Peer 1: 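Quick one: structure below, then a few questions.
One is the number of the first residue; the rest follow in order along the sequence. In each ligand, atom 1 is the first atom listed, and ligand 1 is the first ligand listed. Just so it is clear, the structure is predicted and the values come from calculations on it, not from any experiment.
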Amino acid sequence: MNQNLSLDPSASVLLPVAKKEKIDTVWDRHKAMQPQCGFGQLGICCRVCWKGPCRIDPFGDGPKLGICGATADVIVARNVIRMMAAGAAAHSEHGRHVALALLGVAEGKLEDYQIRDEAKLRRIAGRLGIPEAGREPREVARDVALATLFDFQNQDHHEPCTWLKASLTEKRLDKLAGLEVLPHNIDAVVTGIMARTNVGCDADPVNLILGGVKGALADFNGMALATELSDVLFGTPRPVITAANLGVLKEDAVNIALHGHNPLLSDLVCEIAHTMEDEARRAGAVAGINLVGVCCTGNEVLVRHGIPLAANYLSQELALLTGAVDAMVVDVQCIMPSIAEIGSCFHTEIVTTMDDCKIAGTRHVSFKEETGAENARQIVTLAIEAFKRRNPQRVLIPDFKETSIVGFGAEAILEALALLDAEDPLKPLLDNIVNGNIRGIALFAGCNSTNAKQDSSFVTMAKKLASENVLLLATGCGAGAFAKHGLMNQEATLSYAGDTLKGVLTAIGEAAGLGGPLPLVLHMGSCVDNSRAVQVAVALANKIGVDLDALPLVASAPEAMSEKAVAIGTWSIALGIPTHLGIMPQVTGSRAVTGLITETAKDLLGGYFLVEPNPEAAADKLLAVIDERRRALGI
Ligand code: NFS
């Protein structure tokens with residue numbers, strides 16, 4: 001039965017443990033929740049006021065209007081754009097946190113952080129129109145941080161967010177400006193969505209959805225600045241060889257799992273853990289300290305430091321069921337509250353660290369940037385103490401881990417291409433797209449969901465698209481899925497890539513000194529790092545003088561689940577990228593909204609949602625989209 005829940009081989013080892021120990025997992029709770037509310041699934045349950053909840057009857061003779069008179073279209077639109085606002089808030093709050101840290105470094109207030117990539121800082125300054133030549137890095141950093149924070153403060157509606165302006169093609173900016181969906185201030189746009197969806201406000205589904213698109217673009221802005229400024233503080237990813245899946249845990253080490261999203265704390269834990277190896281050994285951990293990652297904090301430390309990835313979203317509980325995790329350190333987002341209960345069934349310290357993200361029943365170390373290194377030391381000490389309490393009898397580490405070559409940000413991809421053509425690095429990529437060696441590009445992103453067999457569609461679709469010579473990029477838990485299933489190594493390229501794609505990946509990999517091809521799927525980082533994929537796409541589009549909606553580029557989120565994914569998917573279509581969803585979005589109770597995002601969007605924006613739960617059929621549909629775009633380009 002486990003085979004229907006997850007493709008991850010670790011699940012088949014550890015779910016029986018959960019059963020034996022009578023520990024419920026996400027899959028048990030999913031089962032107990034059946035049947036799930038049909039009104040909610042269709043998006044037609046309204047809870048924005050206390051006259052409700054109101055439910056629209058989609059088929060029978062029941063109510064067609066909420067008590068206030070709201071139609072199904074209005075209810076669905078309000079619900080979904082509130083999700084976009086929440087997603088934008090989550091990513092942008094992460095970004096603000098990083099921007100404030102950069103400002104703190106620039107002003108000499110944060111001793112535990114440095115500017116690790118000065119060259120990138122200077123490039124960013126150039127993009128944002130900030131003078132940098134001949135200036136001290138800290139002065140430049142201060143101006144970059146202030147310009148970034150202005151995207152949270154600007155009150156001039158006619159002045160779009162700085163990062164957005166610096167990140168898209170001119171044509172796209174014009175198109176979005178024409179639709180009046182360019183955000184001027186992230187906070188204002190999120191607040192605006194909450195205000196207009198309040199009871200008795202905006203009741204025009206088209207107007208509501210356009211408001212949502214603006215919120216989704218604010219989400220993009222927040223992600224772009226989070227990614228870029230994190231690179232300045234923590235280093236820009238470079239290709240690194242590491243491993244993924246629960247076999248990366250070690251029986252004879254203090255295992256610390258870094259879980260959540262924001263690199264501000266986890267990066268310091270990586271740094272401090274090195275200095276505490278002896279303490280771990282004195283506690284009996286022969287192999288010292290073993291850091292592993294979970295979800296997007298995992299991806300952050302994976303692509304920057306090669307820290308192995310233990311789990312993506314749906315596997316986070318499995319990590320604890322190994323009995324080998326001494327501390328799971330969490331920051332924000334995608335952290336199942338259930339880990340408190342599961343951790344307490346073992347010796348594991350679950351350590352929450354952000355004051356606005358606590359879980360009842362766990363230990364809290366209040367992280368502050370001013371005391372970051374000290375907080376990291378406290379956390380590693382807790383892990384070492386917990387290790388002493390570990391019961392070796394209860395340790396079961398599944399023997400599964402796959403070699404993964406990761407760390408392909410926009411810079412790393414361009415550097416690799418520059419090895420083929422130093423003068424014009426994009427030319428080899430473009431030439432190979434034009435001559436058909438690369439048929440198109442697909443970006444896999446997004447979560448795991450219990451509404452699908454974990455990781456399965458990612459793997460099926462990637463193998464099929466690669467065999468058809470589509471270049472594959474990945475972020476977030478999608479990237480985690482590919483890493484765990486061995487699709488981010490050279491063997492995968494040799495086994496699954498179509499001949500022409502294999503040729504291109506081999507030429508680049510060999511030039512880069514990898515002694516073989518690039519991996520089949522290029523790991524670009526965490527979910528906020530989707531902005532890295534846009535950077536590559538914008539460079540390509542600018543090179544050939546077209547807009548993003550002309551490129552043979554598609555995106556796919558086969559297991560989208562979170563509000564953040566709703567925001568990302570929406571900006572993806574707003575940027576002109578056809579975007580596949582493998583899970584039915586909760587909008588189908590409104591024909592108007594469904595039509596708007598799957599059809600009308602194509603005319604308005606070039607991008608649109610394509611919903612297809614079957615991975616084989618989804619891959620075929622994406623190939624058809626790629627071919628349609630190629631034809632339109634005349635290639
Ligand atoms: Ni993205 Fe990353 Fe994963 Fe989904 Fe959650 S960890 S930010 S939201 S579940 S991909």
Side-chain angles (χ1 to χ4, degrees), residues 6 8 26-27 30 83-95 97-98 216 219-220 222-227 230 244 257-264 266 292-303 309-319 328-339 354 357 406 443-452 454-455 457-458 473-484 521 523-533 555-572 579-583 585:
S6 174
D8 188 336
V26 67
W27 288 286
H30 174 82
M83 296 189 88
M84 293 171 200
H91 286 137
S92 306
E93 199 54 24
H94 169 165
H97 211 153
V98 176
D219 176 79
F220 174 79
M223 293 173 71
L225 66 92
T227 297
S230 294
L258 302 166
H259 180 7
H261 282 77
N262 196 322
L264 281 171
S266 52
V292 301
V294 177
C295 285
C296 282
T297 285
N299 285 321
E300 296 275 345
V301 292
L302 177 86
V303 296
L309 186 80
N312 56 354
Y313 178 73
L314 276 185
S315 299
Q316 58 185 284
E317 297 175 320
L318 299 180
M328 183 175 266
V329 186
V330 305
D331 48 69
V332 289
Q333 304 171 19
C334 300
I335 302 149
M336 291 188 197
S338 63
I339 61 172
M354 299 292 163
C357 189
V406 303
L443 166 67
F444 281 93
C447 327
N448 282 151
S449 169
T450 40
N451 287 330
Q454 184 191 11
D455 300 340
S457 297
F458 283 106
L473 312 174
T475 58
C477 288
F482 295 126
K484 288 192 305 175
V521 188
H523 195 317
M524 298 197 97
S526 62
C527 261
V528 297
D529 295 341
N530 279 310
S531 52
R532 298 190 197 276
S556 172
E559 295 187 47
M561 166 279 298
S562 80
E563 289 169 318
K564 292 177 288 173
V566 178
I568 295 173
T570 306
W571 66 243
S572 177
T579 301
H580 163 247
L581 296 175
I583 304 280

Peer 1: How about atom 5 (Fe) of ligand 1, which protein N, O or S atoms come within less than 2.8 Å?
Peer 2: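 Only Cys334 SG fall inside 2.8 Å of atom 5 (Fe) of ligand 1.
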
Peer 1: Provide the number and element of each atom of ligand 1 under 4.0 Å from a heavy atom of Gly446.
Peer 2: 10 (S)

Peer 1: What are the two closest heavy atoms between Lys484 and Ala310, and how far apart are they?
Peer 2: CD-O, 4.5 Å

Peer 1: For ligand 1, is there an atom lying under 4.0 Å from some heavy atom of Ser526?
Peer 2: no

Peer 1: Hey, what do you get for NE2 (His30) to OG (Ser449), rounding to the nearest 0.5 Å?
Peer 2: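 Result: 7.5 Å between the selected atoms.
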
Peer 1: Closer than 3.5 angstrom, by distance alone: can the side chain of Gln316 be matched with the main-chain N or O of Ile335 as a donor-acceptor pair?
Peer 2: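 No; zero donor-acceptor contacts below 3.5 Å.
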
Peer 1: Kindly indicate whether the side chain of Leu314, heavy atoms from C-beta on, has any atom under 4.5 Å from the side chain of Met336.
Peer 2: yes

Peer 1: Taking all non-hydrogen atoms of both residues, which atom of Ser526 and which atom of Thr475 are closest, and how far apart?
Peer 2: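 Looks like O-CB, 3.4 Å.
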
Peer 1: Using a 3.5 Å distance criterion without hydrogens, assess whether the side chain of His261 forms a donor-acceptor pair with backbone atoms of Val332.
Peer 2: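 Judged by distance alone, yes, a pair lies under 3.5 Å.
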
Peer 1: Against His523, only a single residue in Leu302, Leu309, Leu473 fulfils side chain to side chain contact (heavy atoms under 4.5 Å, CB included); can you say which?
Peer 2: Leu302

